[in-house]
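Written out below as structure tokens is the structure these notes cover.
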Amino acid sequence: MKKIDVVLGLQWGDEGKGKVVDVLTPNYTVVARFQGGPNAGHSLHFGDKSFVLRTVPSGIFRDGSINVIGNGVVVDPVSLTEELKNIAEQGIPVKEKMLISKKAHIILPTHRMLDAASEAAKGKSKIGSTLKGIGPTYMDKTGRNGLRFGDVLAEDFIDRYNKLKQKHVEMLSQYEGFEYDVTEYEKTWMEGIEYLRGFKFIDSEHVVNKFIDDDVPILAEGAQGSLLDVDFGTYPFVTSSNTVCAGVCTGLGVAPTKIGDVYGIFKAYCTRVGSGPFPTELFDETGKELGRIGHEFGAVTGRPRRCGWLDLVALKYAVMVDGVTQLIMMKSDVMNDFDTIKVATAYRVNGELVEHFPYEVTGNVEPVYTEFKGWKCDICKVRRYEDFPAEFKAYVEFIERETGVPVKIISVGPDRDETIVR
Ligand code: GDP
Ligand code: IMO
Ligand code: MG
């Protein structure tokens with residue numbers, strides 16, 4: 001093969017990437033994160049255990065797996081240390097299984113403060129950021145001021161840290177009335193840096209390309225979702241990285257010709273956490289039901305997720321931009337009791353029918369729905385596609401026809417075992 005396969009979210013994040021990567025890992029030796037940072041929360045459930053991973057790739061719990069934090073990721077030493085220590089407590093040899101790119105940028109305590117100050121200043125038009133310092137860290141990266149993991153090894157690391165911190169302190173002074181104190185957090189941050197020194201810092205582009213050349217099965221794990229991409233998402237209500245498939249090339253240093261299968265994950269409905277446009281959002285009882293049955297609360301912030309019907313206009317757009325080769329549908333079980341299920345197949349914008357995802361998705365975008373009869377039974381125990389009710393198959397096959405991509409995996413519950421591979 002000599003390719004790298006990709007798993008990514010096609011909506012506004014939280015599609016179930018953590019579960020899918022964990023399910024697919026027996027087929028892969030290496031799992032690599034290519035963008036994002038601790039704004040991600042990827043949930044894994046197996047047996048009686050549950051974990052939420054933030055920066056660590058979701059392959060970490062599988063025996064023999066190697067897990068790479070790529071150059072495109074931004075890393076908070078505090079959050080990563082906490083995560084790794086928790087995983088180590090489970091008897092997982094994290095120091096052997098985890099590799100960190102020297103080119104991955106580091107989130108400073110003051111990056112988090114800048115995130116908070118910027119959001120506060122935006123008032124009502126705030127992004128709804130997870131406030132983990134993601135935006136300011138990527139700004140320093142593109143502004144050519146950032147600190148990278150490779151710098152931790154430099155003798156003058158602390159000087160470089162203080163220089164960047166000082167710049168942030170000056171920036172923060174511009175935000176009138178914004179008060180902060182990073183003294184305590186800074187101590188924990190320094191301890192995190194010391195702990196992480198015990199890990200292997202690698203030239204990840206060389207290592208990843210060697211895996212590919214040696215035909216070692218390797219999977220890239222996306223964070224967030226395509227509609228949160230800084231270029232193609234619902235800007236400015238997006239995250240600060242390229243969450244789409246192209247992000248694998250820049251975030252790991254692999255050529256586009258080396259991309260193999262692209263698994264695009266979507267929920268059988270739609271959710272979004274934070275601000276920004278969401279054409280199929282439901283404000284009624286059905287929306288509340290989706291949230292209640294689907295336990296739709298942010299894995300990182302605990303905020304309730306906004307819920308609505310599946311949006312095929314947006315999904316087709318993501319499939320196009322990502323070059324999805326196989327679809328994975330999650331959480332269909334949440335709609336087991338629904339009489340009717342709706343799917344947006346077009347938008348009406350200022351009275352005109354539009355079938356493509358428009359430049360601006362604002363309040364004047366009205367979804368046009370196709371209705372489906374609900375399957376009205378519990379599908380959680382189904383393990384073979386043939387055993388699904390006809391109404392459910394009609395829903396899946398409609399999505400396949402509309403997108404032109406096969407739905408290869410269907411998830412009917414949070415556990416590893418609640419998965420049907422066709
Ligand atoms: P990620 O960020 O894409 O990894 O997704 P999250 O972990 O933030 O959110 C997905 C949530 O849905 C988690 O709580 C999962 O345990 C849960 N989940 C995943 N797949 C299914 C499914 O098929 N059915 C149900 N009911 N829950 C699921
Ligand atoms: P996973 O990987 C859902 C959202 C935030 C906010 C916007 C910008 O678990 O799917 P940021 O912290 O990046 O400045 O926030 O993006 N967001 C996510 N929403 N899932 C995520 O990650 C997200 N990461 C960021 O809510 O609207
Ligand atoms: Mg999540």
Side-chain angles (χ1 to χ4, degrees), residues 7-23 33 35-46 49-55 57-58 73-74 76 107 111-112 114-116 118-119 122 126-139 221-230 233-241 243 265-269 271-278 290-306 328-336 378-380 382 409-420:
V7 162
L8 40 75
L10 300 179
Q11 296 162 323
W12 283 287
D14 303 327
E15 296 88 351
K17 298 173 290 292
K19 166 173 170 169
V20 167
V21 171
D22 177 58
V23 165
R33 275 277 302 269
Q35 47 68 236
N39 49 349
H42 296 180
S43 319
L44 278 65
H45 300 277
F46 43 89
K49 296 212 163 106
S50 295
F51 292 92
V52 177
L53 297 177
R54 313 279 298 280
T55 308
S58 302
V73 178
V74 290
D76 183 338
I107 303 176
H111 279 132
R112 290 167 55 109
L114 283 165
D115 217 356
S118 158
E119 279 284 81
K122 282 194 160 101
K126 69 174 185 186
I127 309 292
S129 164
T130 59
L131 303 179
K132 302 298 173 196
I134 306 296
T137 307
Y138 278 117
M139 279 163 73
E221 172 181 5
Q224 290 80 54
S226 301
L227 304 177
L228 287 170
D229 181 274
V230 67
T234 44
Y235 193 89
F237 300 99
V238 293
T239 191
S240 299
S241 64
T243 60
I265 309 185
F266 68 101
K267 278 180 194 168
Y269 50 97
T271 65
R272 169 161 211 172
V273 61
S275 333
F278 180 178
L290 285 170
R292 190 180 56 75
I293 305 168
H295 304 289
E296 294 296 356
F297 293 92
V300 174
T301 57
R303 293 177 292 178
R305 296 176 182 146
R306 302 152 62 192
I328 303 183
M329 183 164 92
M330 313 298 289
K331 300 191 88 160
S332 7
D333 53 294
V334 171
M335 300 196 290
N336 279 346
D378 185 357
I379 54 167
C380 298
V382 173
I409 299 177
I410 293 167
S411 169
V412 292
D415 199 87
R416 268 179 189 171
D417 297 336
E418 291 166 309
T419 315
I420 294 95

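Ligands are counted one by one from 1 in listed order, and the atoms in each one are counted from 1 as well.
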TODO: Run through ligand 2 for me and note each protein residue having a heavy atom under 4.0 Å from it, chain first, then residue number.
DONE: Trp12, Gly13, Asp14, Lys17, Asn39, Ala40, Gly41, His42, Ile127, Gly128, Ser129, Thr130, Ala223, Gln224, Leu228, Val238, Thr239, Val273, Gly274, Arg303
Open item on the list: Under a 4.0 angstrom heavy-atom cut-off, which atoms of ligand 1 come close to His45?
Closed with: 16 (O)
Open item on the list: At less than 4.0 angstrom from any non-hydrogen atom of Gly18, what atoms of ligand 1 do you find?
Closed with: 4 (O)
- [ ] Identify, by atom number and element, the atoms of ligand 1 in contact range of Met330, meaning under 4.0 Å from any of its heavy atoms.
- [x] 20 (N)
Task: ligand 1 to Gly41 polar contact by distance, N or O atoms, under 3.5 Å - done: yes
Task: Shortest non-hydrogen separation from Pro136 to Leu114 and the atoms involved - done: CG-CB, 3.9 Å
Task: Nearest option to atom 17 (C) of ligand 1, as decided by whichever heavy atom of Glu418, Arg54, Lys331, Gln11 sits closest - done: Lys331
- [ ] Can you list, by chain and residue number, the protein N, O or S atoms under 2.8 Å from the Mg ion (ligand 3)?
- [x] Asp14 OD1, Gly41 O
Task: Nearest heavy-atom neighbours spanning Pro38 and Val74 - done: CD-O, 3.6 Å
Open item on the list: Quick check: do Ile107 and Ile134 have side-chain heavy atoms less than 4.5 Å from each other?
Closed with: yes
- [ ] Please could you name the atoms of ligand 1 that Ser411 approaches to less than 4.0 Å, counting only its heavy atoms?
- [x] 20 (N), 21 (C), 22 (C), 23 (O)
- [ ] Would you check whether Arg305 reaches within less than 4.0 Å of ligand 1, judged by its heavy atoms?
- [x] yes
Task: N-O pairing of Asp76 and Lys132 below 4.0 Å - done: no
Task: Contact (N/O only, under 3.5 Å) between Val334 and ligand 1 - done: no
Task: Any donor-acceptor N/O pair, Ser50 side chain to His45 backbone, under 3.5 Å - done: no
- [ ] Give a yes or no answer on whether the side chain of Ser43 reaches the backbone of Val52 with a donor-acceptor pair at less than 3.5 Å.
- [x] no
- [ ] Please round to the nearest 0.5 Å and tell me the distance separating atom NZ of Lys17 and atom CD1 of Ile265.
- [x] 7.0 Å
TODO: Verify, without hydrogens or angle tests, whether Arg33 (side chain) and Gln35 (backbone) share a donor-acceptor contact under 3.5 angstrom.
DONE: yes
Task: Those residues that, when tested against His42, pass ring pair (Phe, Tyr, Trp, His ring centres under 6.0 Å) (two or more places apart) - done: none
- [ ] Examine the proximity of ligand 1 to Val52 and report which part, side chain or backbone, both or neither, has a heavy atom under 4.0 Å away.
- [x] neither
Task: Residues which pass ring pair (Phe, Tyr, Trp, His ring centres under 6.0 Å) with Phe278, listed by chain and number, not counting sequence neighbours - done: Trp12
Open item on the list: Nearest non-hydrogen contact with atom 14 (O) of ligand 1 belongs to which option: Ser332, Ser43, Gly16, Gly413?
Closed with: Ser43
TODO: May I ask you to check whether Gln224 and Thr239 show a side-chain donor-acceptor distance below 3.5 Å?
DONE: no
TODO: Report the distance from atom OG of Ser332 to atom CD1 of Ile379, rounding to the nearest 0.5 Å.
DONE: 4.5 Å
Task: Check: Leu8 main-chain N/O paired with Glu15 side-chain donor or acceptor under 3.5 Å - done: no
Open item on the list: Contact between Phe297 and Arg303 at the side-chain level, heavy atoms closer than 4.5 Å - yes or no?
Closed with: no
- [ ] Could you tell me which non-hydrogen atom of Glu221 sits nearest to which non-hydrogen atom of Pro57, and how far apart they are?
- [x] OE1-CA, 3.3 Å
Task: Heavy-atom nearest neighbour in the protein, as seen from atom 1 (P) of ligand 1, with distance rounded to 0.1 Å - done: Lys17 N, 3.5 Å
Task: Shortest protein heavy-atom distance from atom 10 (C) of ligand 1, along with the residue and atom involved - done: Asp14 O, 3.6 Å
- [ ] Using a 4.0 Å heavy-atom threshold (strictly under), name the region of Asp333 that reaches ligand 1: side chain, backbone, both or neither.
- [x] side chain
Task: Glu296 and its salt bridge (charged side-chain N to carboxylate O under 4.0 Å, His left out) partner, picked from Arg272, Lys331, Arg306 - done: Lys331
